[in-house]
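Written below as structure tokens is the structure these notes are about.
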There are 2 protein chains.
Amino acid sequence: MSATEGQRGSSTLEPAHPHTHLAFAQSRALRPSTKVLPEHARNHNRSLVLQTLYRTGRQSRADIARETGLTRVTVSDLVNDLIAERLVIEMGQREDARPGKPATILDIDRSAFQIVGIDLSEHSLFRGAVLDLDGQILNEAEIALAGSTGDDAVAKVLALTEQLLAKTTAPVLGIGIGSPGVVNLDGVVLSAPNLGWHNLDLRAQVEARFGHAIIVANDANAAALAEHSFGGADGDLMIVKVGHGVGAGLLLGGSPLYGSRFAAGEIGHVVVGTDGGALCVCGKHGCLETWLSTPNLNLAIEVLRASGASEAEVDARTNLILIEAGQRLGIALAPIVGALNLPEVVLSGPTELLDGPLAQATIETLRNRTMAEFHGDLTLRMTTLGQNIVLRGAAVMVLSGQLGVS
Amino acid sequence: MSATEGQRGSSTLEPAHPHTHLAFAQSRALRPSTKVLPEHARNHNRSLVLQTLYRTGRQSRADIARETGLTRVTVSDLVNDLIAERLVIEMGQREDARPGKPATILDIDRSAFQIVGIDLSEHSLFRGAVLDLDGQILNEAEIALAGSTGDDAVAKVLALTEQLLAKTTAPVLGIGIGSPGVVNLDGVVLSAPNLGWHNLDLRAQVEARFGHAIIVANDANAAALAEHSFGGADGDLMIVKVGHGVGAGLLLGGSPLYGSRFAAGEIGHVVVGTDGGALCVCGKHGCLETWLSTPNLNLAIEVLRASGASEAEVDARTNLILIEAGQRLGIALAPIVGALNLPEVVLSGPTELLDGPLAQATIETLRNRTMAEFHGDLTLRMTTLGQNIVLRGAAVMVLSGQLGVS
DNA sequence: CGAGTTTGTTCGTAAGCTTTACTAACAAAC
DNA sequence: GTTTGTTAGTAAAGCTTACGAACAAACTCG
């Protein structure tokens, strides 16, 4: 019997029935699935320090200690590591006059690393950018898709990546790729019909070629992360991407929802309403995409324009088309928004189509079809990040994966 | 400069641009929000050991070490703590003949503690039970609600709790309560209209009276946990509770979804379909509850019986009513199931209504309205836990909150 | 100028997990 | 009956990590 054993035995014994509290109360830990070693804890705290610096910027070690609850000693130690890794720099002493030794201001060296972000979700081209650690775009590039699919499309991803890497002017933190379709956590594109990809290990292919840290995820999930980190949204939101197809990304408690088969957010082929609808390429009638995808909307509007009606007539009937589309979106979203108690829905896509009668009709329909108590919390708006939302989301994935920061 | 600093500085310096990998790659940690101390890590590992014992049962220290990845030494140390706390007991040596020193079999002492579970979700009574650590019901009790609301209803909760505590025959691990309505993480019932509760701190009231660890949560969330822990469902599921109202509980990745205002799963007042529907108490037309709640279904069937039609005719038209209800449920669930990529929907409620044409119509409607690729993964079934689902879910909450086990 | 305040570091300590090495206890094979 | 090899569990030592105490530096304020 060891001394340790004896001590513990007597110190942790519980009082007897019926009034027993266990000494420790596991806060809300559900199903711990892997062991935790001291180094994991250290990494966590390291990220915590980075995180506070990333969000607040320009703080002293003592500031960070107060905010994180760690001691100044521990923060100093972690910061020393971060400085040695060139991630954090000392910015000189704090200016403002107050008692005590002046603080040494720290900040993440936001120009020390760069991120390559790539967006594969557009119909006719792949877009990419070099971004700094703040998610600001430093350089852009694009490559026409020209109908490429399969390995040809992969080659274009690699070519674009190469172009972008050539434009970097600092060490590369990682490469983030937002791809359409169903992507698993290992960066394997399980299915992206438009690109002819099935079980394509895109992450491995890019890594084999360039050797950086690569993260591949669904484009809408990337967009949701961007909206959270850079668009001012909080941690619970749904982003609806309207384009050639319709897809969604869900962020719950700050984390993307992937779904049991990584197909969360694939709402384009959910049937909307109980009154039929147009035939969809998938074979069903009345899928959300038949109401809402940009090709379908633009087609309807062009038919209208070619009809020879007056301009006022065309405008009025265009509005009706957009309102109908918005209502259909609202009908589809209402059960989701209600079931998830979502406070925020964000639209991404062509502003001229979405940002007006369509969005208005969507929010009205949502309110008409969900619980009234809940309406005060419910907002629907266009993204503030425009076309770069997936690129910036790809950067968030890299930041989050490499630094634990976002 | 300390030796430590010098070592770290030189050992963690990164190679130069453009080919940089940071020494550590944060696996998938998102936004660390609090510091982690060694004791937290220890608690986590402690729960990990308990968890493997809870699920597998009857293992040796070496077995646990192999399964968790911890060393035998660490497992021994943790197990000694657990034995001192009376949570784990040695069961003697392993029987089967194999080389080497025979193993000492351990198990959680499943009779060492008991749990009180309470279900407030039924319309006319509160039900409760004493359960063991396996979630088996040892003793039951109930108390007629008799129309009580507000403080009267609270008094009945306390009375029922007292009855149950009197029936316990071992130290009480905690008290779990599944309440209808909107419940926040602190056990405050923000809103439960049927009970006349608004911002009622039920957890505090029960704790003040009995002083145990109390967990209060939404009934459907509790049911979802029960279905996962005891009903054989995996970590992603939606449970739909049909009763006086209609509510749902969502489990994503093994964790309940609470929603931004703790109202996740409140789908009873989502409008279904685009063709009107009956007027709901909430003022809207065609809410899910108007199609599916047991009072409404029973009323419709009774009207039918009183109509003087033949028995065959009544049966046939009853079937039509149930099929219609099932279709409406499917219409409401399709966007949710699609958006979340949910593999499993479980129904809880009166078997005679749900388990037949209704469930059949629901699954068919779901399949007709979601992506075909996804159908192979999609199952819909009745719960296997019957009426005790919320009670047992309440026990899971206590197990998970107190031991990190479920 | 002295008192008080704040910063950041150094030193020693406690906790937690690992590695290494050991003993105990067994089966199998000779 | 002995040897060999395996498995279980313990003991000791060491490393990592975070903490508290103490302190020097540098500033403000009265």
Side-chain angles (χ1 to χ4, degrees), chain A residues 1-8 11-12 24 34-49 59-83 88 90-106, chain B residues 1-8 11-12 23-24 34-49 59-81 83 88 90-106:
Chain A
M1 70 212 94
S2 74
T4 310
E5 192 180 2
Q7 278 171 10
R8 289 191 183 157
S11 69
T12 55
F24 90 111
T34 50
K35 63 177 174 178
V36 170
L37 302 183
E39 68 199 84
H40 299 135
R42 173 115 177 147
N43 271 347
H44 178 100
N45 289 334
R46 191 192 113 112
S47 287
L48 182 58
V49 168
Q59 287 176 298
S60 71
R61 293 166 174 85
D63 293 335
I64 297 172
R66 275 185 293 266
E67 192 164 328
T68 60
L70 295 163
T71 62
R72 292 201 307 271
V73 178
T74 303
V75 170
S76 273
D77 195 37
L78 289 166
V79 164
N80 284 343
D81 283 6
L82 293 170
I83 289 177
V88 167
E90 295 191 338
M91 310 278 290
Q93 292 193 343
R94 177 173 278 148
E95 298 289 320
D96 57 346
R98 45 178 204 179
K101 174 179 171 180
T104 309
I105 296 299
L106 305 169
Chain B
M1 75 206 89
S2 74
T4 311
E5 193 181 2
Q7 278 172 11
R8 287 188 186 158
S11 69
T12 55
F24 89 110
T34 50
K35 63 177 175 179
V36 170
L37 301 182
E39 67 199 85
H40 299 136
R42 175 111 177 149
N43 271 348
H44 178 102
N45 289 336
R46 191 193 114 114
S47 287
L48 182 59
V49 168
Q59 285 176 299
S60 70
R61 293 167 174 82
D63 293 334
I64 296 172
R66 275 185 292 267
E67 193 165 328
T68 60
L70 294 163
T71 61
R72 292 200 305 274
V73 178
T74 302
V75 169
S76 274
D77 196 37
L78 288 166
V79 163
N80 284 342
D81 283 5
I83 288 177
V88 166
E90 295 191 337
M91 311 278 290
Q93 292 194 344
R94 177 173 278 150
E95 298 289 321
D96 56 346
R98 45 177 201 179
K101 174 180 172 179
T104 309
I105 296 299
L106 305 168

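In what follows, chains are A, B, ... by sequence order, proteins preceding strands, each numbered from 1. Just so you know, these numbers come straight off a predicted model, no measurement behind them.
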Heavy-atom closest contact ([X] atom, [Y] atom, distance):
{"X": "B:Leu48", "Y": "A:Thr34", "value": "CD2-C, 3.7 Å"}
{"X": "A:Val36", "Y": "B:Ala41", "value": "CG1-CB, 3.6 Å"}
{"X": "B:Arg42", "Y": "B:Asp77", "value": "NH2-OD2, 2.9 Å"}

Practice task
Mind checking the CE-CG spacing from B:Met91 to B:Leu106? Nearest 0.5 Å is all I need.
Solution key: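 One gets 9.5 Å once the value is rounded to the nearest 0.5 Å.
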
Practice task
Measure the spacing between CG of B:Asn45 and CG of B:Leu70 and express it to the nearest 0.5 Å.
Solution key: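 Separation between the atoms: 5.0 Å.
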
Separation of [N] [atom2] from [X] [atom1] (nearest whole Å):
{"X": "A:His44", "N": "D:dA18", "atom1": "NE2", "atom2": "C1'", "value": "14 Å"}
{"X": "B:Ile64", "N": "D:dT7", "atom1": "CD1", "atom2": "P", "value": "18 Å"}
{"X": "B:Asn80", "N": "C:dC17", "atom1": "CG", "atom2": "C1'", "value": "15 Å"}
{"X": "A:Asp77", "N": "C:dT9", "atom1": "CG", "atom2": "P", "value": "10 Å"}
{"X": "A:Asp81", "N": "D:dT16", "atom1": "CG", "atom2": "C1'", "value": "12 Å"}
{"X": "B:Leu48", "N": "C:dC17", "atom1": "CG", "atom2": "P", "value": "11 Å"}
{"X": "A:His40", "N": "C:dA15", "atom1": "NE2", "atom2": "P", "value": "23 Å"}
{"X": "B:Leu70", "N": "D:dG9", "atom1": "CG", "atom2": "P", "value": "15 Å"}

Of the nucleotides [options], which has the atom closest to the [X] side chain?
{"X": "B:Leu37", "options": "D:dG9, C:dG16, D:dC19", "answer": "D:dC19"}
{"X": "B:Arg61", "options": "D:dT17, D:dT10, D:dA8", "answer": "D:dT10"}
{"X": "A:Leu78", "options": "D:dA18, C:dG8, D:dT17", "answer": "D:dA18"}
{"X": "B:Lys35", "options": "C:dT7, D:dT17, D:dC19", "answer": "D:dC19"}
{"X": "B:Arg42", "options": "D:dG9, C:dG16, C:dT7", "answer": "C:dG16"}

Exercise for the section: Starting from the 5' end of DNA chain C, give me the residue, B:Asn45 or A:Asp63, whose nearest nucleotide shows up first. Expected result: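 By nearest-heavy-atom nucleotide position, the 5'-most residue is A:Asp63.
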
Problem - salt bridge (charged side-chain N to carboxylate O under 4.0 Å, His left out) pairs, two or more places apart, involving residues 65-75 of chain A - result: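 Matches after skipping sequence neighbours: A:Asp63-A:Arg66.
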
Practice task
Verify the contact: side-chain N or O of B:Thr104 to OP1 or OP2 of D:dG9, cut-off strictly under 4.0 Å; return yes or no.
Solution key: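 Yes.
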
Handout entry: Contact under 4.0 Å: B:Arg66 side-chain N or O vs D:dG9 OP1/OP2
Key =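 Result: no.
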
Exercise for the section: Please determine, for C:dC30, whether a Watson-Crick or G-U wobble partner exists with both distances under 3.5 Å, and give it or none. Expected result: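 Paired with D:dG1.
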
Handout entry: Under 4.0 Å protein heavy-atom contacts per nucleotide of nucleotides 19-28 of chain C, with B for base, S for backbone only and - for none
Key = BB---BBBS-

Exercise for the section: With sequence neighbours left out, write down each residue that passes salt bridge (Lys or Arg N to Asp or Glu O under 4.0 Å) with B:Glu90, or none if nothing qualifies. Expected result: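 For B:Glu90, the residues satisfying salt bridge (Lys or Arg N to Asp or Glu O under 4.0 Å) (neighbours in sequence not counted) are B:Arg61.
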
